[in-house]
Structures are given as structure tokens and as C-alpha cells.
Amino acid sequence: MTIRLAKFAIGQVVRHRILPIRGVVVDVDPEFGHGDAWWNALPAEDRPARHRPFYHVIAEGLDHDRAAYVSEQHLVADASGEPIRHRDAGLQFAGFQDGRYRVRSNSFN
């Protein structure tokens, strides 16, 4: 078994390498976790590596009930130091400080 460390952390602001998506990581899967139908719907030439971390990202311009599901190889850290413009960021996190969101402390984490 190979142990993979995620490059990005929950609360970190990221950008997509190709698409105009900028958002914050809300969850991490150690490897691809959606079903084969989702995987097979991607054009073969655009499919990312399946055995790398995948991130759930709430992003500017996306609906509040959806998160982008993005492979680690398609993300870069956002260096702007600015919060995202998504109403759920305030619900998901305890605030924004020093260029990243603080994880909300509760009885579930």
C-alpha cells in the first residue's frame, strides 16, 4: 500500500491550472472517490491520474449546493491572499486569516 500525502489542506485557497476556478478546499479524498460513470464521462485525453488525491472545492461562480471535484494535478495554490466570493465559505469555516480559512471547531472534528 502506498501512502499519499495531500498537497493542499482543508481551508486552503486554490486555483485550477486550466479552468477559471478559484475556491477553497473543503474535503480531500486520498484518491478518486466518485463512480465509474463520472470517470468514463471525462474525455480520455483529459482524465487525471486516478490514484492521486482529489479535492472537494467550493468555488466562486459555483452554486452553493455544489462543489467542484478536482484532481491534485489540476490545482495550484492561490497566492492572492484574498478570500473567495462564495456564501458557503462563511458557513463552512470559522473565518479567513493570513490567506486561508480557519476550520470551524465543533464536536464532529
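Heads up: numbering here begins at 1 and tracks the sequence. This is a predicted model, so every value here is computed, not measured. We use all heavy atoms of the structure for the numbers below, so side chains are in, but hydrogens, waters and symmetry mates are not.
In the hydrophobic clustering of this structure, Ile21 does not group with Ile58; members are Ile, Leu, Val, Met, Phe, Trp, Tyr whose side-chain heavy atoms approach within less than 4.5 Å, directly or through other members. Connection of Val103 to Tyr101 is established within a shared hydrophobic cluster, with ILVMFWY side chains joined at heavy-atom distances below 4.5 Å, either directly or through further cluster members. Note on Val26 and Val13: same hydrophobic cluster, where clusters join Ile, Leu, Val, Met, Phe, Trp and Tyr whose side-chain heavy atoms are under 4.5 Å apart, directly or indirectly.
With Arg15 contributing its side chain and Asp78 its backbone, the two residues share no donor-acceptor pair below 3.5 Å. A donor-acceptor pair under 3.5 Å is formed between the side chain of Arg104 and the backbone N or O of Phe93. Of the possible donor and acceptor atoms, none in the side chain of Glu72 sits under 3.5 Å from a partner among the backbone N and O of Pro53. A donor-acceptor pair under 3.5 Å is absent between the side-chain atoms of Gln12 and the main chain of Val25, judged by distance alone. A distance-only check finds no donor-acceptor pair linking the side chain of Arg22 to the backbone of His16 [under 3.5 Å].
Between His74 and Pro48 the shortest heavy-atom distance is CE1-CB, 3.9 Å.
Note that CD1 of Ile10 and CZ of Arg102 are 15.5 Å apart. Values are rounded to the nearest 0.5 Å. To the nearest 0.5 Å, atom CZ of residue Arg17 and atom OG of residue Ser71 are 9.5 Å apart.
Listed by first then second residue, pairs satisfying salt bridge (charged side-chain N to carboxylate O under 4.0 Å, His left out) with a partner in residues 48-58 read Asp36-Arg50, not counting sequence neighbours.
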For the pair Val14 and Val24, evaluate side-chain contact (heavy atoms from CB on, under 4.5 Å) and give the outcome as yes or no after the intermediate values.
CA-CA 6 Å; Val14 293; Val24 60; over 6 Å; no
Apply the test side-chain hydrogen bond (donor to acceptor under 3.5 Å, both in side chains) to residues His56 and Asp29: give CA-CA distance (whole Å), side-chain angles for both, the deciding distance (0.1 Å), then the verdict.
CA-CA 8 Å; His56 299 264; Asp29 292 342; 3.2 Å; yes
Where do His34 and Tyr69 land on the side-chain contact (heavy atoms from CB on, under 4.5 Å) test, with the steps shown first?
CA-CA 9 Å; His34 281 354; Tyr69 192 60; 3.3 Å; yes
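Classification of the Tyr55-Phe8 ring pair by plane angle, with boundaries at 30° and 60°, yields perpendicular.
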